[in-house]
Asker: 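Once you've had a glance at the structure underneath, I'll fire off some questions.
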Amino acid sequence: DSRTPISNDASQRPVQESRARAREDRGAGEEVPVRRLRRQEGGRRARAREDGEENRRQAGGDEEGDAGEEGDGAGEEGDDGAKAAPSKVAAKGDSKWYGPNRKLYLPSGLLSTADIPSYLDGTLAGDYGFDPLGLGADGKINQYRVAEVIHARWAMLAIPGFVIPEALGLPGGVWTETGKVFLDGETGRPEFLEFVPLFAAIQIALMAGVEKFRSEGAGPAGFVPFKGKFDESAFNGLDPINPGGPLDFFNVAATPQDLAELKVKEIKNGRLAMIAALGCFLQAPVTHEGPAANWGKHVANPFVYNFVTIASGADRTPVL
């Protein structure tokens, strides 16, 4: 036969082309639902981002906003972050220290938010709903808070001042004898360091300046470690009782959440210090000793030297 035979490749080419067109047709038919699914998934993620942003705004966490605006993965992180934020930070709406779900001074079975005064609404740090005498009913609860914080800070300074000089055995270290020792010149220091009126005048002048700035909500220009120089405008708009700003040397309250948590820690420690200072005031006329001596005797023999034996005035032999 003079005709050129058709090669196997040539005979199979139409079949291969028809199969390729069939696969392309099927792929085109499948592409539409795939795109539809992708659009639906993108819509769900966009709604998740919007819901996450709304939850953060309601919880006071706008600082985290727009974290999931770019990319599908970032959208998922934004939704997860909105759920995890209240557990990490002291968001006042959902914190155990602030808001209606905060801890109260009695367990939940014995006390609820319906049993406490309406002015104790959980906006103040350390608000456990405790006001049995109704002192805050006159509408001055914020003024009372300022007074409490100031007294708490003084007490936290006073307790180390009571204990440390006495424990170190310094002349005049027992706080009930400090004034007498200085006035009698028995400290062993140079005479000008024992001139009480001079140091009293310096303290009064410094305190007058501090209280003036605090009451006016202002402050002078100056310099602080780690932050450098600042001017008067650095205090504009700051809380007079918790200003932060230039006075936050180590930047420990860098975020509102950190500040909210530190306020709780400060008032709790300050209340404990006020109770401790009251104990020092009551112990001094009874034992005629300082707190360091009282504590040392109690630790050395707790069954013999304690409140009961001191109040009764009788020695007590420990019996086990």
Asker: Rounded at 0.5 Å granularity, tell me how far SG in Cys280 sits from CD1 in Ile275.
Answerer: 11.5 Å
Asker: Within the 4.5 Å heavy-atom criterion, are Lys227 and Pro246 side-chain neighbours or not?
Answerer: no
Asker: Which atoms form the tightest heavy-atom contact between Phe223 and Phe230, and what is the distance?
Answerer: N-CE2, 3.6 Å
Asker: Minimum heavy-atom separation for Gly270 and Ala155, please, with both atom names.
Answerer: O-CB, 4.5 Å
Asker: Can you check whether Asn142 reaches Leu124 side chain to side chain, under 4.5 Å on heavy atoms?
Answerer: yes
Asker: Quick check: closest heavy atoms across Pro160 and Pro165, and the distance to 0.1 Å?
Answerer: O-CD, 3.5 Å
Asker: Go through the steps for Glu148 and Ile241 under the test side-chain contact (heavy atoms from CB on, under 4.5 Å), then give the verdict.
Answerer: CA-CA 11 Å; Glu148 182 185 26; Ile241 198 63; over 6 Å; no
Asker: State which residue, out of Tyr305, Phe303, Phe307, fulfils the side-chain contact (heavy atoms from CB on, under 4.5 Å) condition with His298.
Answerer: Tyr305
Asker: Can you see which heavy atom on Ala125 is nearest to which on Arg271, and at what distance?
Answerer: O-NH2, 4.4 Å
Asker: Parallel, tilted or perpendicular for Trp97 and Tyr128, by the 30°/60° rule?
Answerer: perpendicular
Asker: Of all heavy-atom pairs between Thr176 and Ala284, which one has the smallest distance, and what is that distance?
Answerer: CG2-CB, 3.6 Å
Asker: Once rounded to the nearest 0.5 Å, what's the spacing between atom CG of Leu170 and atom CG of Leu168?
Answerer: 5.0 Å
Asker: May I ask you to test the Ile150-Arg214 pair for a side-chain heavy-atom distance under 4.5 Å?
Answerer: yes
Asker: Are Leu110 and Tyr105 connected, step by step, through hydrophobic side chains (Ile, Leu, Val, Met, Phe, Trp, Tyr) whose heavy atoms are closer than 4.5 Å?
Answerer: yes
Asker: Within this structure, what is the CD-CD distance for the pair Gln283 and Glu289, rounded to the nearest 0.5 Å?
Answerer: 9.5 Å
Asker: Is the shortest distance from a Lys or Arg side-chain nitrogen in Glu266 or Lys263 to a carboxylate oxygen in the other one below 4.0 Å?
Answerer: no
Asker: Check the hydrophobic clustering (I, L, V, M, F, W, Y; side-chain heavy atoms under 4.5 Å; chains of links allowed) and say if Phe130 and Leu135 are grouped together.
Answerer: no
Asker: Checking side-chain polar atoms at under 3.5 Å, does Thr255 have a donor or acceptor matched by the opposite partner on Asp258?
Answerer: yes
Asker: Taking Trp295 as the starting point, is it possible to reach Val174 by hopping between hydrophobic residues whose side chains are less than 4.5 Å apart?
Answerer: no
Asker: Working to the nearest 0.5 angstrom, can you tell me the gap between Met274 CE and Asn269 CG?
Answerer: 11.0 Å
Asker: Determine the minimum heavy-atom distance between Ala253 and Leu262, stating which atoms define it.
Answerer: CB-CD1, 4.0 Å
Asker: Drop me the distance from Phe226's CZ to Asp248's CG, to the nearest 0.5 angstrom.
Answerer: 11.5 Å
Asker: Under the side-chain contact (heavy atoms from CB on, under 4.5 Å) rule, what do Leu120 and Ile141 come out as? Steps first, then yes or no, please.
Answerer: CA-CA 9 Å; Leu120 297 178; Ile141 186 70; 4.1 Å; yes
Asker: Could you tell me if the side chain of Pro291 sits less than 4.5 Å from the side chain of Ile159, heavy atoms only?
Answerer: no
Asker: Give a yes or no answer on whether the side chain of Thr187 reaches the backbone of Pro171 with a donor-acceptor pair at less than 3.5 Å.
Answerer: no
Asker: Are the side chains of Val264 and Tyr98 in contact, using a 4.5 Å heavy-atom criterion?
Answerer: yes
Asker: Are Val299 and Val304 in one and the same hydrophobic cluster, where Ile, Leu, Val, Met, Phe, Trp and Tyr link if side-chain heavy atoms are under 4.5 Å apart?
Answerer: no
Asker: Honestly curious: do Ile267 and Leu157 fall in one hydrophobic cluster under the side-chain, below-4.5 Å linking rule?
Answerer: yes
Asker: Could you give the distance from OH (Tyr119) to NZ (Lys140), rounded to the nearest 0.5 Å?
Answerer: 14.0 Å
